[in-house]
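Note on naming: letters A, B, ... go to the chains in the order of the sequence lines (proteins, then strands), and numbering restarts at 1 for each one.
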Amino acid sequence: MSFRVLIVDDSPAMRNFVRRVLEVSGFPVSECFQAGDGEEALEKLRAHPVDVILSDINMPKMDGEQFLRRFSADTSLKPTPVVVVSTDGTDVRMQQMMALGAKGYVKKPFQLETLREVLEQVMGVPDAGA
Amino acid sequence: MPVLELSPLLTEAACAVLETMFFTEVLGESLGEPQEYWLTAQVEFQGNRCGWLTASAGLAAARQLASNFLCEDETSLAPGQIDEVMAELSNMVCGSALSRIDPSSKFAISHPRLGPHKPPETVPPGWQGACQSLDIGDGVLRICFAIGEPV
């Protein structure tokens, strides 16, 4: 089994970093899409439904919080787990994003295996990197 | 606002980011060295406290950081990629520092601004803060962090 992934982050450097981490971690990815903000992510999801979304919070136009609200409310889109990947590691922000429906939260900086472990947990894929 | 001991906390936050995401070892504190060119990324934050953080590096150090982060050869890096990586570095160190200072508060961090500016020599009067110069092998990374009451 492999997964279609959408990476949402306004930093191209960070998007490429996350893509590379997924490649080297052994998490099974069949296709990897990228978006620079929440608005672009919604457009991408209409054209390319995915299995899991990795989203930053602090982005221009539509930030991660707005994206999560809009995505969750849009019944035309395939329900998809969202994992937040953010520099904002404060407890209050984590609780807020989880309350909005995020299924996982990865604080930057993160160990490479942490991202894989959270994705395995969210997607129910035990020990994909072993 | 209680006085915070920010220097060790800032070093801890910067080292965690550099070693975990930039695969860059901090060799120790640097006494500083003259640089003809600095690239500085700055973020500001608002929340229970407000303030700013700058991350500044000379060209060689900035190239090293970009190369390590992007896993690309230094010679193949475009100037835009170095800017992006310095911007991400400032964002991450700021978030990491704030999570350590006040994990129960919510902050909004601005988008990084970049420019060929010299880093601050000290934190301006009226702010709490710290400046640290870190030896990362190919040069110095200077991080300055200032924190005050919300505007």
Side-chain angles (χ1 to χ4, degrees), chain A residues 7-25 34 36-39 54-66 68 84-100 102 105-118, chain B residues 12-24 41 43-49 53 55 62 65-72 77-114:
Chain A
I7 302 167
V8 190
D9 197 304
D10 58 323
S11 163
M14 193 62 212
R15 294 200 300 268
N16 286 330
F17 181 87
V18 172
R19 181 182 51 75
R20 190 162 46 81
V21 169
L22 292 176
E23 278 172 12
V24 301
S25 72
Q34 297 188 16
D37 57 62
E39 207 171 280
L54 298 171
S55 179
D56 187 18
I57 297 175
N58 188 20
M59 296 181 287
K61 287 191 199 170
M62 186 190 294
D63 65 19
E65 184 182 326
Q66 292 172 293
L68 203 47
V84 175
V85 182
S86 174
T87 53
D88 190 338
T90 55
D91 299 339
V92 65
R93 181 68 88 176
M94 288 174 68
Q95 285 161 10
Q96 179 198 28
M97 296 304 281
M98 298 303 273
L100 284 173
Y105 201 109
V106 177
K107 289 190 277 188
K108 293 188 260 183
F110 56 83
Q111 299 284 346
L112 305 193
E113 57 270 25
T114 302
L115 185 62
R116 190 195 75 221
E117 287 166 5
V118 171
Chain B
E12 189 183 300
C15 288
V17 170
L18 289 166
E19 288 167 11
T20 310
M21 304 277 287
F22 289 77
F23 315 105
T24 299
V43 289
E44 287 154 17
F45 57 88
Q46 294 281 344
N48 282 4
R49 304 164 194 264
L53 178 140
L65 290 166
S67 170
N68 291 354
F69 186 75
L70 297 170
C71 203
E72 288 190 20
L77 291 169
Q81 287 181 298
I82 297 172
D83 290 355
E84 283 170 16
V85 170
M86 286 300 293
E88 190 58 36
L89 175 67
S90 65
N91 184 36
M92 268 194 252
V93 176
C94 188
S96 185
L98 290 172
S99 304
R100 285 169 164 79
I101 291 169
D102 202 348
S104 60
S105 294
K106 192 170 159 183
F107 293 97
I109 301 176
S110 72
H111 294 282
R113 284 184 290 134
L114 280 134

CD of Glu88(B) to OG of Ser11(A), rounded to nearest 0.5 Å, is 4.0 Å
Under 4.5 Å from a heavy atom of chain B, the part of Asp63(A) involved: neither
Going by heavy atoms in the side chains, are Met92(B) and Lys107(A) under 4.5 Å from each other? no
Within this structure, what is the CD1-OG1 distance for the pair Ile101(B) and Thr90(A), rounded to the nearest 0.5 Å? 12.0 Å
One should read off an interatomic distance between Asn58(A) CG and Cys94(B) SG, to the nearest 0.5 angstrom, of 10.0 Å
Max heavy-atom pairs within cutoff under 4.5 Å with chain A, candidates His111(B), Arg100(B), Glu19(B), goes to His111(B)
Select, from Leu18(B), Asn91(B), Val93(B), the one with the greatest count of heavy-atom pairs under 4.5 Å involving chain A. Asn91(B)
Let me know if Gln81(B) has heavy atoms under 4.5 Å from chain A in its side chain, its backbone, both or neither. neither
Check each atom of Gln95(A) against the heavy atoms of chain B and say whether the ones under 4.5 Å are side chain, backbone, both or neither. neither
Return yes if some donor-acceptor pair links the side-chain N/O of Asp91(A) with the main-chain N/O of Ser104(B) below 3.5 Å, else return no. no
For residues Val85(B) and Ala13(A), report the shortest heavy-atom separation together with the two atoms involved. CG2-CB, 4.0 Å
Do Met14(A) and Phe69(B) make a side-chain contact, defined as non-hydrogen atoms from C-beta onward lying under 4.5 Å apart? yes
Do Thr20(B) and Phe110(A) come within less than 4.5 Å of each other through their side chains, counting heavy atoms only? no
Output the distance between atom CZ (Arg93(A)) and atom OG (Ser99(B)), rounded to the nearest 0.5 Å. 11.0 Å
One should read off an interatomic distance between Phe23(B) CZ and Leu112(A) CG, to the nearest 0.5 angstrom, of 4.5 Å
Ranking Ser110(B), Gly95(B), Ala13(B), Cys71(B) by heavy-atom pairs under 4.5 Å to chain A gives rank one to Cys71(B)
